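For reference, the structure is listed below as structure tokens.
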Amino acid sequence: MIILDLAIETNNLKKYFGVIHAVDGIDLQIPKGSLFGVLGPNGAGKTTTIKMLSTILPPTSGDASVLGFDIKKDVLEIKKRIGVCPQELVLYPRLNARENIHLIAQMHGMSKKDYKERTDDLLGKMNLLDRSKELVKNYSGGMKRRINVLMAVIHEPELLFFDEPTAGLDPQSRRVVWDFIRDFQEKDSTIILTTHSMEEADDLSDELIIIDHGKIITQGTPDELKGKLGEGDILEFKVKEIEQRNEIIERATKLDFVQWGKSVGKHRIVLNALDGLRRVSEIMDVIKVKMEDISVRKNTLEDVFIDLTGRRLRD
Amino acid sequence: MEQIFEPKFTNQLWYLTVKNFKSMIREISQLVWIFGYPLVFILLFRFGYGLETFNIFAPGVVILAPIVLISQLAGHFAEEKESGTLQRLITTPVSRSTVLLSGLFSQLIVAAIQIIVMLLLILLFGVSINPNANIFLLFFIPFIVAFTSLGFGLILASFVRTASSAGGLAWFIILPLQFLGGLLTVPLVGFIPTSLAAEAMGAVMINGSIAFDLVGLNIIFIAIWGIGLIVLGILLFQRKTAIL
């Protein structure tokens with residue numbers, strides 16, 4: 001059955017590798033034209049999900065449709081309509097930037113005139129025009145990352161999968177790629193963005209899921225998810241008294257302005273406190289331990305993850 | 001703004017073959033290997049053992065050229081697997097078999113160039129070729145050996161994960177083919193592609209023969225080897241790379 005207004009729909013999608021449940025029953029409905037984030041730590045199942053949806057990897061069980069086509073039966077139709085930017089830098093080192101981009105266009109059957117014009121346009125947007133005839137093996141990591149992105153978009157796909165598109169990029173190059181992704185979405189493409197960067201997910205996504213151990217643990221817009229944590233500020237600090245972490249949290253959460261507390265890793269404690277910045281001293285008086293490295297900030301998607309799992313995204 | 005294109009198999013095959021060929025000729029070490037290895041033996045026989053011995057072994061030295069394609073092809077596909085480019089390609093509407101065929105085609109182009117260069121070099125270094133020798137057969141016999149090399153290369157590519165391991169393991173096929181087939185010594189085994197090819201090449205180059213039992217039959221047996229190895233290689237490669 002073709003569902004016209006959904007770009008992706010999955011039903012109990014699973015992928016097992018022996019005893020490892022890489023993706024463990026994912027149900028998704030992603031509307032067309034949205035920029036949908038998939039946030040989770042390394043090994044959460046993000047890339048495996050993308051590989052199944054882009055028809056590279058067959059699912060163990062469950063169903064999924066991409067742009068109305070079944071991922072098991074309509075592989076070619078899906079491939080004609082998608083672009084995939086892999087997490088790794090997947091380029092031909094002994095071809096130049098243009099040749100790498102052209103190759104993907106040629107596989108999609110674009111006309112020479114079209115792909116040459118579009119390559120020029122794309123290279124210009126990524127500030128790569130002046131070195132586009134050099135072999136890619138001589139490029140810096142950031143330049144390779146940008147070519148990696150361009151190879152996914154040369155054929156103007158209806159649906160784009162970006163798997164950690166800015167991994168390892170410096171802040172300036174990351175901004176260039178983010179602007180490029182936003183620009184692309186404005187042309188009505190649907191974009192699926194996997195990332196373990198909360199900043200990236202927060203900044204770019206219209207809606208997102210957070211996944212962990214192959215399961216969706218929450219879904220919503222970035223503001224909705226952060227809103228669930230309450231209105232307070234996040235206080236994060238290090239304590240030496242590891243064995244007393246639970247008691248410290250218990251004492252802190254007895255304060256009416258402390259909404260919740262979590263222990264993260266061995267030494268750190270995260271508290272959500274209303275007007276936290278002004279009340280640090282009150283909290284210190286109550287918990288009766290010496291805080292180190294204290295920071296006070298607005299809550300982020302990372303705090304959403306900490307709240308749900310007790311771990312950091314990068315743990 | 002999105003357009004759905006209808007890619008043609010022949011165009012995809014052509015563009016991939018060109019890509020493979022460009023990647024190959026832009027790597028100096030690959031060029032040195034393709035042309036340098038057989039050239040070393042030409043120089044060794046010509047200046048080490050003298051022209052008389054070189055005349056006897058020249059047919060085997062020409063057969064040596066397409067044998068190096070075993071490591072070339074295995075290295076090519078291992079590199080595609082290792083770097084993820086094979087996986088990236090199959091996210092586009094290109095079939096795995098088109099990618100595979102393009103790899104074989106680009107190596108066959110290399111084989112053709114290699115054989116022509118080797119034949120010209122042995123002439124340049126003074127080998128006497130029988131005036132009645134059939135020029136087409138001088139090219140065709142080593143060219144058909146290239147198919148068996150591609151078969152061995154595909155089988156090897158199915159099992160290895162990296163280009164460097166492909167290069168190393170290829171020697172376990174190249175050396176036995178080289179020595180058992182009598183390319184540089186007397187043949188020890190009569191039914192392997194290299195010994196069949198060396199015998200047929202010697203008959204054409206030295207004796208100017210086109211006898212069916214020495215040339216035609218050997219070509220048929222080499223072709224059977226080639227088809228068998230390539231079919232086995234394709235089956236193994238498709239199976240081993242089905243889930244990348």
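Worth knowing before you read on, the calculation uses all heavy atoms, side chains too, and leaves out hydrogens, waters and symmetry mates. All chains are named by letter (A, B, ...) in the order of the sequence lines, taking the proteins before the strands, and each is independently numbered beginning at 1. These numbers were taken from a predicted model, which means no experiment stands behind them.
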Atom group of B/Q30 that falls short of 4.5 Å from chain A, counting heavy atoms: side chain

Which of A/G83, A/C85, A/G109 touches chain B most, by non-hydrogen pairs under 4.5 Å: A/G109

Contacting moiety of B/K19, where chain A heavy atoms sit under 4.5 Å: both

Any A/N12 side-chain heavy atom under 4.5 Å of A/D63 side chain: no

Aromatic plane relationship, B/F147 with B/F143 - under 30° parallel, 30 to 60° tilted, over 60° perpendicular: perpendicular

Residue B/L89 versus chain A: region with a heavy atom under 4.5 Å: side chain

Parallel, tilted or perpendicular: ring planes of B/Y15 versus A/Y115, cut at 30 and 60 degrees: perpendicular

Chain A contacts, top residue of B/R26, B/E79, B/E80 (heavy-atom pairs, under 4.5 Å): B/R26

Which of A/E88, A/E77, A/R94 touches chain B most, by non-hydrogen pairs under 4.5 Å: A/R94

Given A/K80, A/R118, A/R81, the one that forms salt bridge (charged side-chain N to carboxylate O under 4.0 Å, His left out) with A/E156: A/R118

Largest heavy-atom contact set with chain B, pairs under 4.5 Å, which of A/L91, A/L103, A/I78, A/L76: A/L103

Ring geometry between B/F47 and B/F125 (parallel below 30°, tilted from 30 to 60°, perpendicular above 60°): perpendicular

Contact class of A/N148 relative to chain B, heavy atoms under 4.5 angstrom: both

Geometric class of the B/Y37/B/W171 ring pair [parallel <30°, tilted 30-60°, perpendicular >60°]: perpendicular

